[in-house]
Visitor: 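Right, I'll just put the structure down here and ask away after.
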Amino acid sequence: MAYQTFRQEYMQMPVVTRAYTTACVITTLAVQLDLVSPFQLYFNPILILKQYQLWRLITTFLFFGTVGFNFFFNMIFTYRYCRMLEEGSFRGRTADFVMMFLFGGICMIIFAFFVNLLFLGQAFTIMLVYVWSRRNPFVRMNFFGLINFQAPYLPWVLLGFSVLLGNAIWVDLMGMAVGHMYYFVEDVFPNQRGGFRLLNTPQILKALFDAHPHDPDYTPLPEDRPGGFNWGERPPNQQIPNNTVRIQDTEIPNNT
């Protein structure tokens, strides 16, 4: 019964979120079981360019550290924000969501050639957080019961908390920079006078991911918010509810 329930919940996850989180979990378990080594996964420009170890361009986004609290913390963030984006502003536009993944990954790879970063998974998560927060500006949030702010400030609050813990901030800054680049080219520039879309999804992606028509009767099932999150959205033409988000007292993992 428990297996069937888990399988049902797993299959109800949107396809991109399911694929990415599954790849992250499998990669981490493979390292934990000594099937692969982190030294075979990290981003290394020399090995990529001279020995054609191209898989590192992907595995650098999939490894979040050995199984432990930091791994589960990162997985909760990755799963939640990835799923909220895919079921929210990207609902029925899976190809566009995949295009965002490609845009973010390519930009981070380019930056990584000039910054000494080994794994980019956390930066990718921060990018998802940034895009979601800018597209949900009316969500009210609360940090440890001390700070009240709106969603667009969440990445900065997390960055400040990381600084207080003494962690390196370059990964967070990269994720925020790439997230802002995507937000600008998709949500800001096209809406300006004389603006146009700079990032067009190729037809091959639309044929692969948007081939089936959207079901207008589909309603995502309600689910528990892991990590103490309680996200709310403003109904149209209604007063902004005073929804709060409580971020549990968790530790930001060290960036290596």
Side-chain angles (χ1 to χ4, degrees), residues 3-30 57-65 67 70-108 119-136 139 151 154-155 158 175-176 178-179 182-183 186-187 199 201 205-215 218-233 245 247 253:
Y3 168 77
Q4 293 179 350
T5 302
F6 173 79
R7 183 178 183 278
Q8 182 181 9
E9 291 295 327
Y10 177 77
M11 295 307 298
Q12 286 177 348
M13 294 169 58
V15 59
V16 178
T17 301
R18 182 169 67 242
Y20 182 57
T21 55
T22 300
C24 293
V25 171
I26 291 177
T27 302
T28 300
L29 291 178
L57 297 174
I58 299 176
T59 57
T60 184
F61 294 99
L62 303 180
F63 184 64
F64 287 82
V67 175
N70 289 339
F71 168 75
F72 289 110
F73 178 83
N74 278 291
M75 282 296 95
I76 288 173
F77 261 66
T78 301
Y79 164 76
R80 284 302 302 154
Y81 289 105
C82 189
R83 181 166 185 173
M84 285 189 291
L85 279 173
E86 191 169 2
E87 291 185 336
S89 58
F90 287 98
R91 177 66 187 160
R93 299 191 299 124
T94 303
D96 293 338
F97 194 48
V98 173
M99 189 64 188
M100 188 192 79
F101 267 59
L102 295 176
F103 175 86
I106 292 173
C107 289
M108 290 181 189
F119 293 101
L120 304 175
Q122 185 175 337
F124 198 85
T125 299
I126 294 297
M127 181 196 74
L128 296 175
V129 172
Y130 188 93
V131 174
W132 178 88
S133 66
R134 295 306 296 264
R135 290 187 171 183
N136 295 269
V139 177
L154 176 60
L158 294 178
M176 293 169 63
V178 175
Y182 180 83
Y183 171 74
E186 275 292 290
D187 297 356
L199 194 63
T201 303
L205 291 181
K206 293 183 179 181
L208 290 173
F209 295 100
D210 294 341
H212 301 288
H214 170 60
D215 182 5
Y218 173 82
T219 302
L221 295 177
E223 61 180 297
D224 295 332
R225 273 73 172 178
F229 291 86
N230 183 18
W231 306 106
E233 295 184 0
V245 179
I247 303 179

Visitor: Which heavy-atom pair separates R135 from D187 by the least distance, and what is that distance?
Guide: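 Where R135 meets D187 most closely, the heavy atoms are NE-OD2, 2.8 Å.
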
Visitor: Check whether any side-chain heavy atom of F124 lies under 4.5 Å from a side-chain heavy atom of V178, and answer yes or no.
Guide: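 SC-SC contact between F124 and V178 ruled out.
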
Visitor: Step by step, would you call L62 with F119 a side-chain contact (heavy atoms from CB on, under 4.5 Å)?
Guide: CA-CA 8 Å; L62 303 180; F119 293 101; over 6 Å; no

Visitor: Are any non-hydrogen side-chain atoms of E186 and M100 less than 4.5 angstrom apart?
Guide: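 Sidechains of M100 and E186: no contact.
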
Visitor: May I have the step-by-step check of ring pair (Phe, Tyr, Trp, His ring centres under 6.0 Å) for F97 and F209, ending in yes or no?
Guide: CA-CA 10 Å; F97 194 48; F209 295 100; over 10 Å; no

Visitor: Of the non-hydrogen atoms in S133 and A151, which two are nearest, and what is the gap between them?
Guide: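 Scanning both residues completely, I find the closest heavy atoms to be CB-O, 3.1 Å.
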
Visitor: Decide yes or no for L205 and L102: does some side-chain heavy atom of the first lie under 4.5 Å from some side-chain heavy atom of the second?
Guide: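 They are in side-chain contact.
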
Visitor: Counting C-beta onward and ignoring hydrogens, is there a side-chain heavy-atom pair between Y79 and M13 closer than 4.5 Å?
Guide: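 Yes. Closest side-chain heavy atoms under 4.5 Å.
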
Visitor: Output yes when a side-chain donor or acceptor of R83 lies under 3.5 Å from a complementary backbone atom of P14, and no otherwise.
Guide: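 Not a single qualifying donor-acceptor pair exists.
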
Visitor: Mind checking whether Y182 and F103 have parallel, tilted or perpendicular rings, split at 30° and 60°?
Guide: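 The rings of Y182 and F103 sit tilted, inter-plane angle from 30° to 60°.
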
Visitor: Could you check whether the rings of Y183 and Y130 sit parallel, tilted or perpendicular, using 30° and 60° as the cut-offs?
Guide: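 It falls in the perpendicular class, over 60°.
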
Visitor: Check the pair F64 / T78 against side-chain contact (heavy atoms from CB on, under 4.5 Å), numbers first and verdict last.
Guide: CA-CA 11 Å; F64 287 82; T78 301; 4.0 Å; yes

Visitor: Would the number of heavy atoms belonging to other residues, nucleotides or ligands and lying under 6.0 Å from CD1 of I58 be above 12?
Guide: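 Check fails, neighbour count at 12 or below.
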
Visitor: Could you pull out the closest heavy-atom pair between M127 and G104, with the gap in Å?
Guide: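 That would be SD-CA, 3.6 Å.
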
Visitor: List the steps and the verdict of side-chain contact (heavy atoms from CB on, under 4.5 Å) for L154 and V129.
Guide: CA-CA 8 Å; L154 176 60; V129 172; 3.9 Å; yes

Visitor: Write down the atom of R93, the atom of D96, and the distance for their closest heavy-atom approach.
Guide: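 Closest approach of R93 to D96: NH1-OD2, 2.7 Å.
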
Visitor: Are T59 and T27 packed together at the side-chain level, in the sense that at least one heavy-atom pair is separated by less than 4.5 angstrom?
Guide: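 Not touching, per the 4.5 Å side-chain cut-off.
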
Visitor: Output yes when a side-chain donor or acceptor of T22 lies under 3.5 Å from a complementary backbone atom of A19, and no otherwise.
Guide: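 Here the side-chain-to-backbone pair does not exist.
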
Visitor: Rounded at 0.5 Å granularity, tell me how far OG1 in T17 sits from CG in L85.
Guide: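 Between T17 OG1 and L85 CG, I get 8.5 Å after rounding to 0.5 Å.
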
Visitor: At what distance, to the nearest 0.5 angstrom, does CG of L57 lie from CE of M108?
Guide: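 That separation rounds to 14.0 Å.
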
Visitor: How far apart are the C-alpha atoms of I126 and F77, what are their side-chain angles, what is the distance that settles it, and do they pass the side-chain contact (heavy atoms from CB on, under 4.5 Å) test?
Guide: CA-CA 9 Å; I126 294 297; F77 261 66; over 6 Å; no

Visitor: Taking all non-hydrogen atoms of both residues, which atom of V131 and which atom of G179 are closest, and how far apart?
Guide: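 That would be CG2-O, 3.9 Å.
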
